[in-house]
Asker: 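One structure, pasted below without further comment.
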Amino acid sequence: MRELSLHILDIIQNSIEAGASEVSLVIREDPEEDVFRITITDNGRGMSPEMVETVKDPFVTTRTTRKVGLGIPLFYTASRQTGGDLEIQSTLGLGTEIRVHFRRSHIDRAPLGDIAATVTTVLGGHPDLGFVYRHRFRDRVFELNAAEIRAGLEDVSLSHPMVLGWIREYIQEGLAELYGGENE
Amino acid sequence: MKSLADLEALRKKAQESTRLRTGEKGTKVIVGMGTCGIAAGARDVLAAIMDEIEKRGLDDVMVTQTGCVGMCEQEPMVEVIQGENRVMYGLVDAEMARKIVAQHVVNNQIIGEWVIQKK
């Protein structure tokens, strides 16, 4: 996919599909260590050990409409292309954690892209989801917690277009400050 | 700079413009958001639809996401449902999505050349 934020959207959809009520997205960028790390954690139904071992295979899937499930394989391939890797930790009944890392400076490392659009797509479709997004760049952190936003909005849903618009700008501003003018 | 302190004002503004989502009389728009849809650009198609609805102040349109429906080569796909009528558009981009809102959702004009038939 053209942007890492699209892979992230895809994996979070998996979490929701697995029945997760809580999803956390952590991104850590370290130019000195030359690493770009993405961790997506959920409290969904989890995977069996056999599933964890084979899920990077595009022909292994829980889908019934098709015999292929490309989400994890594509993300895995994308990480390997930069000398990185994708690891899965999962326990049936507890949840799943997907940890992907890339060599940040590698020419084949796709840009993060429009992560604000990814977050608003998730929250727009699932306004009651427990969702935390934490992004670290060098020693600075940007964080968004859906629960805090819901608390401030009381009975107004996160899926309200005005709210999604606000969240989008909140993230864009937060990341601009996070990068402090440095190019991604 | 935006902060959580904005939320009180945002809440009031949003409450004043609350949209009624009437399932029966209103229009339902479904955007495919499986891996195939996402890879093909569905996220930006959805964003364009939401933006167009917001800009036009439409208050009887419900937009939802669906997974892969098995016609991956036609993604991004947008289905418009108005009462008994269901129309499936394929290979939609952001610009086409806005036109679908303007012509089909608002004016009930189906854009024939973009419609695909279900297998």
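Computation of the quantities below employed the complete heavy-atom set of this structure, encompassing side-chain atoms and omitting hydrogens, waters and symmetry-equivalent molecules. Residue numbers start from 1 in every chain, and the chains themselves are labelled A, B, ... in the order their sequence lines are given, proteins ahead of strands. All values derive from a computational prediction rather than experimental measurement.
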Asker: Is there side-chain contact between His160(A) and Leu10(B), with heavy atoms separated by less than 4.5 Å?
Answerer: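 Counting from C-beta outward, His160(A) and Leu10(B) never come under 4.5 Å.
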Asker: Please answer: with hydrophobic residues joined when any side-chain heavy atoms are less than 4.5 Å apart, are Ile30(B) and Met88(B) in the same cluster?
Answerer: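 Per the 4.5 Å side-chain linkage, Ile30(B) and Met88(B) are not co-clustered.
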Asker: Should we count CZ of Arg134(A) as having more than 12 external heavy atoms under 6.0 Å?
Answerer: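 No.
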Asker: With a 4.5 angstrom heavy-atom cut-off, which part of Glu17(A) approaches chain B: side chain, backbone, both or neither?
Answerer: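 Neither part, no heavy atoms under 4.5 Å.
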Asker: Atom CE of Met50(B) and atom OG of Ser159(A): how far apart are they, to the nearest 0.5 Å?
Answerer: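 Here the interatomic distance stands at 7.5 Å.
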Asker: Going through the checks in order, is the side-chain contact (heavy atoms from CB on, under 4.5 Å) test met by Ile38(B) and His7(A)?
Answerer: CA-CA 8 Å; Ile38(B) 294 172; His7(A) 287 290; over 6 Å; no
Asker: Between Arg11(B) and Leu153(A), which heavy-atom pair has the shortest distance, and what is it?
Answerer: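 Answer, listing the atom of Arg11(B) first, then Leu153(A): CD-O, 2.9 Å.
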Asker: Any Lys/Arg nitrogen of Glu154(A) or Lys12(B) sitting under 4.0 Å from an Asp/Glu carboxylate oxygen of the other?
Answerer: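 Salt bridge between Glu154(A) and Lys12(B), a charged N being under 4.0 Å from a carboxylate O: no.
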Asker: List the atom of Thr121(A), the atom of Arg43(B), and the distance in Å for their closest heavy-atom pair.
Answerer: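 What the structure gives for the nearest pair is OG1-CG, 3.4 Å.
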Asker: Pick whichever of Thr118(A), Thr120(A), Leu74(A), Leu70(A) has the most heavy-atom pairs under 4.5 Å with chain B.
Answerer: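 Among the listed options, the one with the most contacts to chain B is Thr118(A).
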Asker: Can you tell which of Ala151(A), Ser157(A), Ser5(A), Gly165(A) has the highest number of heavy-atom pairs within less than 4.5 Å of chain B?
Answerer: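 The residue among Ala151(A), Ser157(A), Ser5(A), Gly165(A) with the greatest pair count is Ser5(A).
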Asker: Measuring from Glu177(A):CD to Met1(B):CE, what's the distance to the nearest 0.5 Å?
Answerer: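 Rounded to the nearest 0.5 Å, the CD-CE separation comes to 4.0 Å.
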Asker: Tell me, do Asp155(A) and Gln15(B) make a side-chain contact under 4.5 Å, heavy atoms counted?
Answerer: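 Yes - at least one pair of side-chain heavy atoms lies under 4.5 Å apart.
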Asker: Let me know if Leu46(B) has heavy atoms under 4.5 Å from chain A in its side chain, its backbone, both or neither.
Answerer: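 Looking at Leu46(B), just its side chain touches chain A.
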Asker: Given 3.5 Å as the limit, does a donor-acceptor pair link the side chain of Glu173(A) with the main chain of Ser3(B), or not?
Answerer: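 No, Glu173(A) side chain to Ser3(B) backbone: no donor-acceptor pair under 3.5 Å.
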Asker: Under a 4.5 Å heavy-atom cut-off, does chain B meet the side chain of Arg168(A), its backbone, both or neither?
Answerer: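 When you check distances to chain B, no heavy atom of Arg168(A) falls under 4.5 Å.
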Asker: Check whether Val26(A) and Ile16(A) end up in the same hydrophobic cluster, where Ile, Leu, Val, Met, Phe, Trp and Tyr are linked by side-chain heavy atoms less than 4.5 Å apart.
Answerer: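 Not linked; separate clusters.
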Asker: If you count every heavy atom of other residues, nucleotides or ligands that lies below 6.0 Å from Glu53(A) atom CD, does the total exceed 12?
Answerer: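 For Glu53(A), atom CD is not crowded (no more than 12 foreign heavy atoms under 6.0 Å).
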Asker: May I ask you to name which of Leu164(A), Leu6(A), Ile149(A), Val163(A) has the most heavy-atom pairs under 4.5 Å with chain B?
Answerer: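 Option with the greatest count: Leu6(A).
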Asker: With only heavy atoms counted, which part of Asn14(A) is less than 4.5 Å from chain B, the side chain, the backbone, both or neither?
Answerer: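 The answer is neither part of Asn14(A).
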Asker: Kindly give the heavy-atom pair with the smallest separation between Leu7(B) and Glu148(A), and that separation in Å.
Answerer: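 Minimum heavy-atom separation between Leu7(B) and Glu148(A): CD1-O, 4.0 Å.
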Asker: Can a donor-acceptor pair be found, under 3.5 Å and without considering hydrogens, that links the side chain of Arg2(A) to the backbone of Ala39(B)?
Answerer: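 Pair absent, no side-chain N/O of Arg2(A) close to backbone of Ala39(B).
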Asker: Roughly how far apart are Gln13(A) CD and Cys68(B) SG, rounded to 0.5 Å?
Answerer: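 The CD atom of Gln13(A) sits 12.5 Å away from the SG atom of Cys68(B).
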Asker: Indicate yes or no: at least one non-hydrogen side-chain atom of Tyr170(A) is less than 4.5 angstrom from one of Leu4(B).
Answerer: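 SC-SC contact between Tyr170(A) and Leu4(B) confirmed.
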Asker: Can you tell me if NZ on Lys56(A) sees more than 12 non-hydrogen neighbours from other groups inside 6.0 Å?
Answerer: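 Result for NZ/Lys56(A): enclosed.
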Asker: If you look at every heavy atom in Ala14(B) and Val156(A), which pair is closest and at what distance?
Answerer: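 Result for this residue pair: CB-CG1, 3.7 Å.
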